[in-house]
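Okay, structure first, notes after.
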Amino acid sequence: MGNLTRRDLLKGLAIGSVTVASAGALSSCAPSDKEAGEKPAAGSSQESAAYKYAKRQSDVANMQQTETDVLVIGGGGAGICAALSAAEQGANVVLCEKMSVLGGATMLSSGKIPAVGTKQQTDMGESDSIGACVMDIMRPNNYSVRPDLVYTVTEQSKDIVEWTESHGAVWTIDAALYYGQTAHRMHTTNDAGKGLTDALIASMGENSAITQMLSCEILGLVLADDEDAVVGAYGKNGRDEVAFIAKNTVLASSGFANNADMLAQYCPEAVDAFKMVAPGATGEGILWAQELGAELQNMGAYQGHAFHGVDNDQTLEQGIANNGGIIVNQEGNRFMSEYGGYSELSPHVLAQTDHIAYLCFTDTQVEKSVKFPEWEEAGIVMKAGSAAELAAAIGADAATLEKTIAEYQEAIEKGEDKFNRAHLPAGFDAPYYALKITGEIRHTQGGMATDVAGHVLRTDKSLIKGLYAAGGCTEGFSSRGGAAYMSGNGLIQALVFGKIAGAAAATEDRESATLTEWTKSDIDAYK
């Protein structure tokens with residue numbers, strides 16, 4: 001089949017203006033073979049040491065062989081969407097997942113994405129635009145990430161809601177204006193991430209073109225004997241050594257939040273965070289692509305959460321802080337404005353003594369909390385009739401905590417807080433309550449660079465032939481590094497680019513696939 005332009009991929013069959021540079025044209029201005037790190041030819045004396053993970057096709061000839069049109073590695077949201085999308089384009093698909101169940105990080109998610117122009121928005125009477133949504137996603141990262149990625153997911157947000165609905169998902173729009181969003185656009189699936197993945201998995205199970213291989217651990221990519229083109233992957237299925245030979249391969253192998261070494265290298269401030277992560281998020285797909293020359297971007301970016309309950313091992317309600325609660329460390333001091341993004345607040349909590357802090361609040365916050373009765377029943381709420389009693393409950397110095405609370409009360413009266421926090425409460429008087437918290441890491445937001453069709457790119461923008469990627473193993477758009485994050489970024493990235501990569505892998509020939517980019521006029525049309 002022929003190549004798809006950006007408009008073909010992203011808007012069905014409509015034809016539009018797009019800048020497309022072929023991989024062949026780019027190679028003429030690429031570094032020399034020596035500079036680009038050309039690998040020894042297959043069969044040479046150096047070839048066996050050329051790669052740590054990848055093998056040549058002749059090296060896997062004795063393994064149990066399976067041939068398919070599209071191979072998808074990873075069974076989270078991105079991989080499932082890639083498989084469904086590829087099958088819709090007429091491809092036979094094999095999906096390999098190393099865990100015994102599907103779902104990945106998507107299963108653990110809140111099931112929320114920002115979407116523009118949906119029926120849900122129309123029914124609510126909400127006026128919104130793609131440009132406004134893009135600005136809201138770009139603001140937390142100080143406009144430092146690739147706008148083409150953000151415009152792509154925003155442009156395709158309505159379509160991904162409708163497409164997943166066609167596969168059984170049920171979306172509703174949040175009635176409350178979500179933190180950081182300037183319009184009501186946060187959509188949530190029934191039963192959160194579990195409901196979404198259950199629906200997509202059921203749809204995939206009904207599609208005879210998709211073969212699911214669970215507990216099948218891929219160990220590396222397979223390359224052609226005569227060039228560094230990806231022709232599949234190899235691994236273990238139980239005791240059997242297996243190789244999957246495919247026309248195109250999609251990496252949807254998640255991030256590296258569950259890989260201690262990679263986390264220490266790229267996100268050291270999150271090493272001691274509670275890991276609310278997918279067990280399979282061990283980052284190997286990023287390493288496989290990296291050794292083939294893939295460009296890695298935004299490796300220090302991740303989603304955190306500042307409100308992990310230490311005593312019940314669950315994520316607590318941020319609304320307590322938003323509605324006027326304060327956070328103090330074990331010494332009894334406040335150390336930040338508590339009104340902010342839950343991810344951005346997480347490294348501040350983790351930086352405190354023993355990575356512990358205390359969320360302190362009053363009856364004013366209790367009245368607005370739907371979770372407080374549950375916490376009280378679980379016995380995790382510390383209660384006190386005065387600041388001194390609260391200090392004793394959390395083990396802080398009484399004089400220090402009394403001063404902290406007094407300063408906050410004075411700030412409320414003046415309407416001016418030393419941390420410039422917004423949304424001050426009407427008062428902050430006893431009785432007091434406290435919850436012991438630490439920071440979480442949810443998933444990483446960096447990985448291999450791709451174009452807007454899901455092709456994996458080298459630093460010179462040439463394509464790694466036959467290789468596509470989507471989801472947590474790819475370059476995200478939350479920040480260049482750190483915990484800046486807009487809710488829904490990870491999930492919408494997985495769903496939209498999974499669908500796009502699957503369609504491209506099913507319809508493109510790896511020898512003639514081309515770089516797909518936005519033009520300036522494409523972006524200007526939404527401003």
Side-chain angles (χ1 to χ4, degrees), residues 103 105-112 170 172-179 186-198 273-278 303-330 338-343 345-346 349-350 352 354-385 389-396 405 423 425-443 487-488 491:
T106 299
M107 180 73 78
L108 301 177
S109 76
S110 61
K112 294 181 182 292
V170 178
T172 56
I173 194 165
D174 290 6
L177 190 63
Y178 216 78
Y179 178 85
M186 194 60 75
H187 294 63
T188 305
T189 49
N190 284 6
D191 202 17
K194 183 181 183 302
L196 173 61
T197 49
D198 283 349
F274 180 87
K275 291 176 176 57
M276 186 74 76
V277 303
Q303 182 198 0
H305 203 294
F307 298 91
H308 184 81
V310 173
D311 293 326
N312 68 344
D313 216 22
Q314 296 179 12
T315 305
L316 303 179
E317 180 187 353
Q318 186 184 6
I320 290 288
N322 288 348
N323 291 323
I326 61 173
I327 300 176
V328 303
N329 56 25
Q330 291 188 346
E338 297 84 0
Y339 187 74
Y342 57 76
S343 183
L345 298 181
S346 61
V349 171
L350 289 168
Q352 305 310 305
D354 297 329
H355 321 297
I356 293 297
Y358 295 88
L359 177 59
C360 304
F361 52 102
T362 70
D363 284 333
T364 300
Q365 290 74 49
V366 169
E367 291 171 0
K368 298 178 181 180
S369 171
V370 297
K371 293 279 191 176
F372 183 81
E374 175 186 319
W375 301 334
E376 199 170 34
E377 183 177 351
I380 67 170
V381 180
M382 291 169 268
K383 302 178 182 180
E389 290 180 10
L390 184 64
I394 68 175
I405 290 177
H423 292 266
F428 200 76
D429 299 316
Y432 296 114
Y433 309 91
L435 296 165
K436 190 176 184 179
I437 62 173
T438 189
E440 297 175 351
I441 183 169
R442 296 291 186 85
H443 54 82
S487 292
L491 183 56

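- Tyr342 approaches Ser487 most closely through the heavy-atom pair OH-OG, 2.9 Å.
- Side-chain atoms of Ser343 come within 3.5 Å of backbone N or O of Gly304 as a donor-acceptor pair.
- Contact detail for Phe428 and Gly324: the closest heavy-atom pair is CE1-O, 3.7 Å.
- The distance from the OG1 atom of Thr362 to the CD1 atom of Ile405 is 10.0 Å, given to the nearest 0.5 Å.
- Counting non-hydrogen atoms of neighbouring residues, nucleotides and ligands closer than 6.0 angstrom, the NZ atom of Lys275 exceeds 12 such neighbours.
- Of all non-hydrogen atoms in Gly341 and Gln318, the two that sit nearest each other are C-NE2, 4.0 Å.
- In terms of the side-chain contact (heavy atoms from CB on, under 4.5 Å) criterion, residue partners of Ala393 (sequence neighbours excluded) are, by chain and number, Met382.
- The side-chain hydrogen bond (donor to acceptor under 3.5 Å, both in side chains) check on Lys112 picks up Asp174, Thr188, with sequence neighbours excluded.
- Screening residues 371-380 for side chain to side chain donor-acceptor pair (under 3.5 Å), with sequence neighbours left out, gives Glu376-Lys383.
- Partners of Lys368 by salt bridge (charged side-chain N to carboxylate O under 4.0 Å, His left out), not counting sequence neighbours: none found.
- With sequence neighbours excluded, the residues forming a side-chain contact (heavy atoms from CB on, under 4.5 Å) with Ile356 are Val310, Gln330, Asp354, Tyr358, Lys436, Thr438, listed by chain and number.
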| request: Any chance you could lay out the side-chain contact (heavy atoms from CB on, under 4.5 Å) test for Ile320 and Phe307, step after step, and finish with the verdict? | output: CA-CA 10 Å; Ile320 290 288; Phe307 298 91; over 6 Å; no
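- The OG atom of Ser110 sits 7.5 Å away from the CZ atom of Arg442 when rounded to the nearest 0.5 Å.
- In this view, Pro431 and Asp363, Tyr433 satisfy the side-chain contact (heavy atoms from CB on, under 4.5 Å) rule, not counting sequence neighbours.
- Looking at residues two or more places apart in sequence or on another chain, you find no ring pair (Phe, Tyr, Trp, His ring centres under 6.0 Å) involving His355.
- For the pair Val349 and Gly439, the tightest heavy-atom approach, listed with the atom from each and the gap, is CG1-N, 3.9 Å.
- Scanning all heavy atoms of the two residues, the minimum distance from Ser109 to Leu491 falls at OG-CD2, 4.0 Å.
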| When you look at Ile437 and His308, which way does the side-chain contact (heavy atoms from CB on, under 4.5 Å) test go after all the steps? | CA-CA 5 Å; Ile437 62 173; His308 184 81; 5.9 Å; no
| request: Walk me through it: do Phe274 and Thr315 pass the test side-chain contact (heavy atoms from CB on, under 4.5 Å)? | output: CA-CA 10 Å; Phe274 180 87; Thr315 305; over 6 Å; no
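- Here the closest non-hydrogen pair linking Ala105 and Ala278 is N-CB, 3.6 Å.
- Under the side-chain hydrogen bond (donor to acceptor under 3.5 Å, both in side chains) criterion, Glu317 pairs with Ser369, sequence neighbours left out.
- Partners of Asp429 under the side-chain contact (heavy atoms from CB on, under 4.5 Å) rule, at least two apart in sequence or in another chain, are Gln409.
- For Tyr339, the ring pair (Phe, Tyr, Trp, His ring centres under 6.0 Å) criterion is met by Tyr179, His423, not counting sequence neighbours.
- Residues meeting the side-chain hydrogen bond (donor to acceptor under 3.5 Å, both in side chains) test with Asn323, sequence neighbours left out: none.
- Within the 4.5 Å cutoff, side-chain heavy atoms of Leu435 are placed close to those of Val381.
- Note that CG of Leu177 and CE of Met186 are 9.5 Å apart. Values are rounded to the nearest 0.5 Å.
- The CG atom of Asp198 sits 11.5 Å away from atom CG of Asn190, with the distance rounded to the nearest 0.5 Å.
- For Glu338, the salt bridge (charged side-chain N to carboxylate O under 4.0 Å, His left out) partners are Arg334, Arg421, not counting sequence neighbours.
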